[in-house]
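All chains are named by letter (A, B, ...) in the order of the sequence lines, taking the proteins before the strands, and each is independently numbered beginning at 1.
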Amino acid sequence: MGLVNQIKYLTLYKIIGTAVISRQTRKSLRHYRLPRGWREDILAPPLRIGAYTQQMIAKHYLEGRYVNGVKPVAWVTSGAPIEILKALGYYILYPENHGALCGARKVAQEISEEAERDGYSIDICSYARTDIGTALSGKTPVGKLPKPDLLLCCTNICQTVLYWYRVLADYYEVPLIVIDTPFVYEEANDHDIKYVKRQLESSIEVSEGIAGRSLNFKRLKEVVRASKDAADLWLQCLKANRRKPAPISVFDQFIHMAPIVEKRGDPETVDFYARMLAEINRRVENGVGAVKHERKRVLWDNLPIWYRIRFLSESLAEHGVAVVASTYTNAWGELAPLMDVERPVESMAKTYTYPILNRGTGHKLRTMESMIKAYSLNGAILHSDRSCKPYSIGQMDQRLKLLNERGIPALLLEADHNDPRAFAGEQAVSRLKAFVEMMEA
Amino acid sequence: MKVLKSLGIDAGSTTLKIVGLDEERQIVFSIVEEPDPKIEEQVDALLREIGTRYDTASAKVVATGYGSNLLRADEKITEISCHARGIYEYFKTGGTAVDIGGQDNKVMLISENGKVIDFMMNDKCASGTGRFLENTAWRLKIPIEKMADLALKSDGEVPISSTCAVFAESEVISQLSRGHKLAHVIKGLHRAMVKRIGGMIYAIGIRPPLMLSGGVAKNRMVVQMIEEETGETVLLPEDPQIIGAYGAAVLGL
Ligand code: SF4
């Protein structure tokens, strides 16, 4: 069995698959064509780097198809400290990213209905429903997902993941590592960081046991270095939007953030973002804006509405509105400075305790305020995400504070990151238009 | 023939409104009709008819409301901007404007110089809108215009706790079958609706004066209860239903 898997992995993924995907990338780079129906009148063409984004995602999921029995497989939450697993040679799957992919390909509803049929409530996070739906039905747009040998759940984004991963542990009958990160109201206490560090240390043994090898600290440092460098480059890509016009939109960021989440710690991810930054800098030099006639610049708070990215991008660009910065995409870059290659485990403990979702609502408000200033924004769109409670809590007050204390018009847009049933297109468009009219009056 | 300078069309979910203005910004006529499924043909016919009575050669046409996508107009502006402008033009003051329509409610904060500072609309749910009363009226076979009279004359009130328009309807039926008086139940239904509207007003933060518009603002029970609920005196235009179309027409000048 092991040998058969190895051969399949080698031939179908390493040799044939990789070659086919790379050829496709070269072809699409040589014969660059705008996506069908692209609104050239209002939007700059998509970034060229997109060909590589697609390549990385395609390779990642293709590897996943043949990886069982070849590499140990871990399923992890989006904010999980994966560096130890990376250093141990794990193949890492992010169910949330897979969920987003299902959302963007407009199959998330069908898949989450599989979970709902099994009794999971429609009020549960739509990523969780999509993931459990895939587990139950095998449905996925990427062919097949590898089965996990290990689950790693970090509660630094929400508590939903805890219950979700317990369901997975039960279903797949595999060990579950929980990294419990105490909530940070203002600053984390030393003992909080120590507590997380101890959990990381004790996770090593379990992860080693499954991988069948011991952790090499030199390798771990390399992974941390690659994570830090990629996150740092990602942040620079985002910061380029301080310029007017903004070279990329937040909708572009949503698409090109896949590698910083699911390929963090790989050297190729560092190269990818270096290349992306170079392309963005060229846009800046040539004065190219993502939105052709940028008149207003706004902030996006909360997750993307995956199944309506292009629609929203066009609806706003039509009125000259560029969505320039977002607390969500920023979350994968803002912690880069906390990573310390020389003290990998300790700095990981700190880095992974500090994500925006593990901090108070006041912190989020301050983050929004400082982004509004740094990116010279005229307004904010707060996506009130029906099934992501931790990100949406506090938005009512944050909205009023932005408006009343900072004079920044802010719109609460009701939707859901992955469930199109919670999105009323007609209403959303009229809200957005009224919001634009209000900013312009 | 009188010269029209601008025509405002508000193609709402339950009614179609058209207002014509002359160069003195005065309302020359207004029309309120039920919308046909083929609203574009209905509007075309109405505009043709208006063209026989007035000189519309130089009139700018501004459309608003959900049906406006289907209409030909010189400009399309959202209901928020149109209602806010309509109410501001009418009362010449900033404050909080509340529009209670057939299927959606809007609350708008208007600055002293007539700009929209903030707004809120019901997104996913028609609770607290005209539909809330309409459903029950229809079910009980009471003409909708009679609902307010019944409630105003009532000497008691039965609380209706459902905020969902569909569940409220069944709650009404079950309260009636428990022997409660029709008038008491209808008054309770008005209260439930107004509480819901109050929730929206509070969420945005009230800035006096409170100004009402929309078809439901013609219901005197609703107006009285909004005053009770908020403790504010309500300013009510003579014909609250045409404010959106009026605002659209003003924006066309
Ligand atoms: S509830 Fe929100 S933070 Fe938690 S997994 Fe779902 S989308 Fe992510």
Side-chain angles (χ1 to χ4, degrees), chain A residues 122-123 296 298 305 308 311 315-316 318-319 321 378-387 392-416 419-441, chain B residues 10-13 62-70 75-86 88 94 96-97 99 101 103-126 129 199-207 244 247-248 250-251:
Chain A
I122 192 161
D123 291 324
K296 296 283 168 192
V298 303
I305 301 173
R308 281 307 181 90
F311 169 81
S315 305
L316 286 161
E318 214 152 69
H319 304 292
V321 177
N378 310 98
I381 298 173
L382 283 69
H383 163 207
S384 169
D385 187 334
R386 190 174 189 287
S387 77
S392 309
I393 195 163
Q395 279 180 324
M396 285 275 212
D397 295 308
Q398 286 156 355
R399 194 189 79 84
L400 283 178
K401 285 199 185 265
L402 288 179
L403 182 74
N404 297 333
E405 290 169 18
R406 308 277 160 207
I408 294 289
L411 175 79
L412 205 64
L413 186 68
E414 289 188 35
D416 186 274
D419 192 336
R421 288 167 291 183
F423 182 76
E426 196 60 32
Q427 270 88 341
V429 167
S430 76
R431 299 295 175 281
L432 288 171
K433 194 168 172 225
F435 179 61
V436 175
E437 286 170 1
M438 185 170 89
M439 278 194 295
E440 286 188 330
Chain B
D10 178 3
S13 53
V62 177
T64 187
Y66 280 122
S68 62
N69 287 345
L70 301 166
E75 205 176 336
K76 291 175 188 177
I77 302 177
T78 64
E79 295 163 273
I80 294 289
S81 300
C82 291
H83 276 89
R85 176 45 67 96
Y88 179 76
T96 310
D99 176 75
Q103 207 159 280
D104 56 10
N105 291 344
K106 313 173 218 356
V107 181
M108 293 146 277
L109 284 187
I110 306 174
S111 73
E112 275 161 33
N113 49 12
K115 281 188 185 161
V116 181
I117 313 168
D118 196 8
F119 67 91
M120 185 172 268
M121 293 171 89
N122 60 320
D123 244 295
K124 299 284 152 48
C125 159
T129 69
M200 275 178 83
I201 300 176
Y202 298 138
I204 210 162
I206 194 165
R207 290 191 200 181
V250 172
L251 287 167

- request: Mind running side chain to side chain contact (heavy atoms under 4.5 Å, CB included) on B:V116 and A:E437 for me, showing each step along the way?
  value: CA-CA 9 Å; B:V116 181; A:E437 286 170 1; over 6 Å; no
Could you tell me which portion of [X] (side chain, backbone, both or neither) has an atom closer than 4.5 angstrom to a non-hydrogen atom of chain B?
X	answer
A:R399	side chain
A:L411	side chain
A:A410	backbone

message: If you define the side chain from C-beta out and look only at heavy atoms, does anything of A:E426 sit under 4.5 Å from B:N69?
response: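 Sidechains of B:N69 and A:E426: in contact.
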Residue among A:K433, A:M396, A:R431 with most heavy-atom pairs under 4.5 Å to chain B: A:R431
- request: Evaluate whether atom CG of B:L70 has more than 12 neighbouring non-hydrogen atoms of other residues, nucleotides or ligands under 6.0 angstrom away.
  value: yes
- prompt: For B:K76, is it the side chain, the backbone, both, or neither that has a heavy atom closer than 4.5 Å to a heavy atom of chain A?
  reply: both
query: Side chain, backbone, both or neither: which part of B:N113 has an atom under 4.5 Å from a heavy atom of chain A?
result: neither
task: With side chain to side chain contact (heavy atoms under 4.5 Å, CB included) as the test, would you mind laying out the steps for B:D118 and A:L400 before giving the verdict?
output: CA-CA 9 Å; B:D118 196 8; A:L400 283 178; 4.2 Å; yes
task: Return the minimal non-hydrogen interatomic distance between A:N404 and B:R207, and the atom names on each side.
output: OD1-NH2, 3.8 Å
